[in-house]
Enquirer: 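The structure is given below, and queries will be raised subsequently.
Quick note on labels: first sequence line is chain A, next is B, and so on, each numbered from 1. Values reported hereafter were calculated over all heavy atoms of this structure, with side chains retained and with hydrogens, waters and symmetry mates removed.
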There are 2 protein chains.
Amino acid sequence: MGKQATEMLKGVLEGIVLAMLSLRPAYGYEITAGLRDQGFRDIAEGTIYALLLRIEQRQLVDVEKAPSEKGPPRKVYTLNAQGQEYLDEFWRTWSFLTERLEELRDGGK
Amino acid sequence: MGKQATEMLKGVLEGIVLAMLSLRPAYGYEITAGLRDQGFRDIAEGTIYALLLRIEQRQLVDVEKAPSEKGPPRKVYTLNAQGQEYLDEFWRTWSFLTERLEELRDGGK
DNA sequence: CCTCGGTACTCGGTGTTACTATGTACTAGT
DNA sequence: ACTAGTACATAGTAACACCGAGTACCGAGG
């Protein structure tokens, strides 16, 4: 992914993480690893932790500490009702954007 | 569109405008009006003009002054080769994102 | 005449976000 | 003791969309 990706990820990355959490609860390190697996190779760890702190402060997720066998305790995030609502809104905006861009791409030839 | 849209537009708006310019040359006011027609009701004029100045300075577009019958002269923007390349890169990143999000959305049910 | 609305572009300041780089801390294996 | 892997946090930076205001040019109605 090029440098444009940095700007394009703004707002979207949050939606991606919330969508991941809507599938099942997860902790930061796990989410970072999952993103890397999915091709987001150059997303820095710090970015994810900062994002998680943000959505925690906005109370879109519930947090629970869980011990780890191989390191410091994990912070497990669970999407709550407010977060689900926010995610729905994200999908609406995302759909709107994809529709517009689809049109533009098709109109291009 | 909700408040999330502001962040989600970052980077994407630039791609949208470049895509519009790839269809045919246009000037700022025209682009703003076009966006409003396409449903982007709350995009501020100032945002578009600032964006146009940016892509001009990065030499993604060629600029030409053209007189208007009903106001100050227009600045007509034309996508150049460098801009087309940048737009291609945008589409690649966009496709990547849509694919990932498609998976996440489907996995959700 | 001159104000008003539509056309057309510019600019300074603000908030949010992802990135970089660094630091802390716990565990297991060598 | 050292290293690597796990797990989280934070201070500083750059980029971008937004807001508000301003400039300027034109035609029509009061």
Side-chain angles (χ1 to χ4, degrees), chain A residues 1-18 25-36 40-58 60-61 63-77 86 90 93 97, chain B residues 1-18 25-36 40-58 60-61 63-77 86 90 93 97:
Chain A
M1 295 210 296
K3 321 89 217 163
Q4 304 189 55
T6 291
E7 289 304 321
M8 285 200 231
L9 274 178
K10 295 198 175 168
V12 177
L13 185 57
E14 192 172 277
I16 291 173
V17 170
L18 290 174
Y27 56 96
Y29 193 82
E30 187 184 7
I31 292 170
T32 303
L35 286 171
R36 290 203 204 287
F40 295 96
R41 297 277 140 70
D42 23 73
I43 288 186
E45 264 195 288
T47 298
I48 300 302
Y49 288 113
L51 189 160
L52 289 170
L53 285 180
R54 274 203 312 272
I55 64 177
E56 179 185 353
Q57 276 158 12
R58 288 187 203 152
L60 304 178
V61 287
V63 186
E64 218 174 339
K65 275 257 167 72
S68 163
E69 325 81 49
K70 6 173 42 178
R74 297 163 173 167
K75 279 178 76 176
V76 177
Y77 295 87
Y86 192 85
F90 168 79
T93 305
L97 285 178
Chain B
M1 297 209 295
K3 321 89 218 162
Q4 305 190 54
T6 291
E7 289 305 321
M8 285 199 228
L9 273 179
K10 292 196 177 171
V12 177
L13 185 57
E14 192 172 277
I16 291 173
V17 170
L18 290 174
Y27 56 96
Y29 192 82
E30 187 183 6
I31 292 170
T32 304
L35 286 170
R36 290 205 203 286
F40 296 96
R41 314 241 176 250
D42 23 72
I43 289 186
E45 262 196 288
T47 298
I48 301 301
Y49 287 113
L51 191 161
L52 290 171
L53 285 181
R54 272 199 319 268
I55 64 177
E56 179 184 351
Q57 275 158 13
R58 285 184 204 154
L60 304 178
V61 287
V63 186
E64 218 175 339
K65 275 259 166 71
S68 163
E69 326 81 48
K70 10 176 34 180
R74 299 164 172 165
K75 279 178 75 178
V76 177
Y77 295 86
Y86 192 86
F90 168 80
T93 305
L97 284 178

Enquirer: So, is A/Arg54 near the phosphate of C/dA18, with a side-chain N or O under 4.0 Å from OP1 or OP2?
Expert: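 Looking at the OP1 and OP2 atoms of C/dA18, one of them is under 4.0 Å from a side-chain N or O of A/Arg54.
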
Enquirer: Please determine whether a side-chain nitrogen or oxygen atom of A/Arg74 lies at a distance below 4.0 Å from atom OP1 or OP2 of C/dT27.
Expert: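 So the side-chain polar atoms of A/Arg74 never come under 4.0 Å of the phosphate oxygens OP1 or OP2 of C/dT27.
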
Enquirer: Which residue, A/Lys70 or A/Val12, contacts DNA chain C at a nucleotide closer to its 5' end, judged by nearest heavy atom?
Expert: A/Val12

Enquirer: For D/dA9, does OP1 or OP2 lie under 4.0 Å from any side-chain N or O of A/Lys75?
Expert: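 For D/dA9, OP1 or OP2 has a side-chain N or O of A/Lys75 closer than 4.0 Å.
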
Enquirer: Would you say B/Tyr27 places a side-chain N or O within less than 4.0 Å of OP1 or OP2 belonging to C/dA8?
Expert: yes

Enquirer: Treating B/Thr32 as the side-chain partner and B/Gly28 as the backbone partner, does any N or O pair qualify as donor plus acceptor under 3.5 Å?
Expert: yes

Enquirer: Could you give the NZ-to-P distance, from B/Lys3 to D/dC16, as a whole number of Å?
Expert: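 That distance rounds to 25 Å.
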
Enquirer: Does a nitrogen or oxygen in the side chain of A/Tyr29 sit under 4.0 Å from OP1 or OP2 of D/dC8?
Expert: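 The answer is no; no side-chain N or O of A/Tyr29 sits under 4.0 Å from OP1 or OP2.
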
Enquirer: Of the non-hydrogen atoms in A/Phe40 and A/Ile16, which two are nearest, and what is the gap between them?
Expert: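 Residues A/Phe40 and A/Ile16, closest heavy atoms: CZ-CD1, 3.8 Å.
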
Enquirer: Rounded to whole angstroms, how far apart are CG on A/Leu52 and P on C/dA18?
Expert: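 Value for this atom pair: 11 Å.
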
Enquirer: Are side-chain N/O atoms of B/Glu64 and B/Tyr77 paired as donor and acceptor at under 3.5 Å?
Expert: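 On atom types as modelled, these side chains do not qualify, holding no pair under 3.5 Å.
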
Enquirer: Can you check the A/Leu51 CG to C/dC19 P distance for me, whole Å?
Expert: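 These atoms are roughly 10 Å apart.
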
Enquirer: Could you state the atom-to-atom distance from CD of B/Gln4 to P of C/dG15 in whole Å?
Expert: 20 Å

Enquirer: Indicate whether OP1 or OP2 belonging to D/dA7 is found under 4.0 Å from a side-chain N or O atom of A/Ser68.
Expert: yes

Enquirer: Is it true that A/Lys75 and A/Glu56 have a side-chain N and a carboxylate O under 4.0 angstrom from each other?
Expert: yes

Enquirer: Please determine whether a side-chain nitrogen or oxygen atom of B/Lys65 lies at a distance below 4.0 Å from atom OP1 or OP2 of C/dC9.
Expert: no

Enquirer: Can you see if the side chain of B/Tyr49 gets near the phosphate of C/dC9 - specifically, an N or O under 4.0 Å from OP1 or OP2?
Expert: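 So the side chain of B/Tyr49 is within the cut-off, an N or O lying under 4.0 Å from OP1 or OP2 of C/dC9.
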
Enquirer: Could you give the CD1-to-P distance, from A/Ile48 to C/dA18, as a whole number of Å?
Expert: 8 Å

Enquirer: Does any N or O donor sit under 3.5 Å from an N or O acceptor when you compare the side chain of B/Lys10 with the base of D/dC16?
Expert: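 Per atom types, the contact qualifies.
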
Enquirer: Tell me the interatomic distance from A/Leu13, atom CG, to C/dT16, atom P, rounded to whole angstroms.
Expert: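 Rounding to the nearest Å, CG of A/Leu13 and P of C/dT16 are 17 Å apart.
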
Enquirer: Determine yes or no for a side-chain-to-main-chain donor-acceptor pair under 3.5 angstrom, with B/Glu7 supplying the side chain and B/Gln4 the backbone.
Expert: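 Side chain of B/Glu7 to backbone of B/Gln4, a donor-acceptor pair under 3.5 Å: no, none is there.
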
Enquirer: Mind calculating the distance between CD (B/Glu30) and C1' (C/dG6) to the nearest angstrom?
Expert: 16 Å

Enquirer: Kindly point out which of C/dA18, C/dT20, D/dC18 is positioned nearest to the side chain of B/Thr6?
Expert: D/dC18

Enquirer: Rounded to the nearest Å, what distance is computed from the CD atom of residue A/Glu7 to the P atom of nucleotide C/dT16?
Expert: 16 Å

Enquirer: Of the nucleotides C/dT10, D/dA7, C/dT7, which one has an atom closest to the side chain of A/Pro72?
Expert: D/dA7

Enquirer: Looking across every strand, which nucleic acid part, if any, lies under 4.0 Å from A/Gly46 by heavy atom: base, sugar-phosphate, or nothing?
Expert: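 Counting heavy atoms under 4.0 Å across all strands, the contact made by A/Gly46 includes a base.
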
Enquirer: Between the side chains of B/Arg36 and B/Glu45, is the shortest nitrogen-to-carboxylate-oxygen separation below 4.0 Å, so that they form an ion pair?
Expert: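 Between B/Arg36 and B/Glu45 there is no salt bridge, as every charged N stays at least 4.0 Å from the carboxylate O atoms.
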
Enquirer: Ignoring backbone atoms, test whether A/Thr47 places a side-chain nitrogen or oxygen under 4.0 Å from the OP1 or OP2 oxygen of C/dC19.
Expert: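 Indeed, a polar side-chain atom of A/Thr47 lies that close.
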
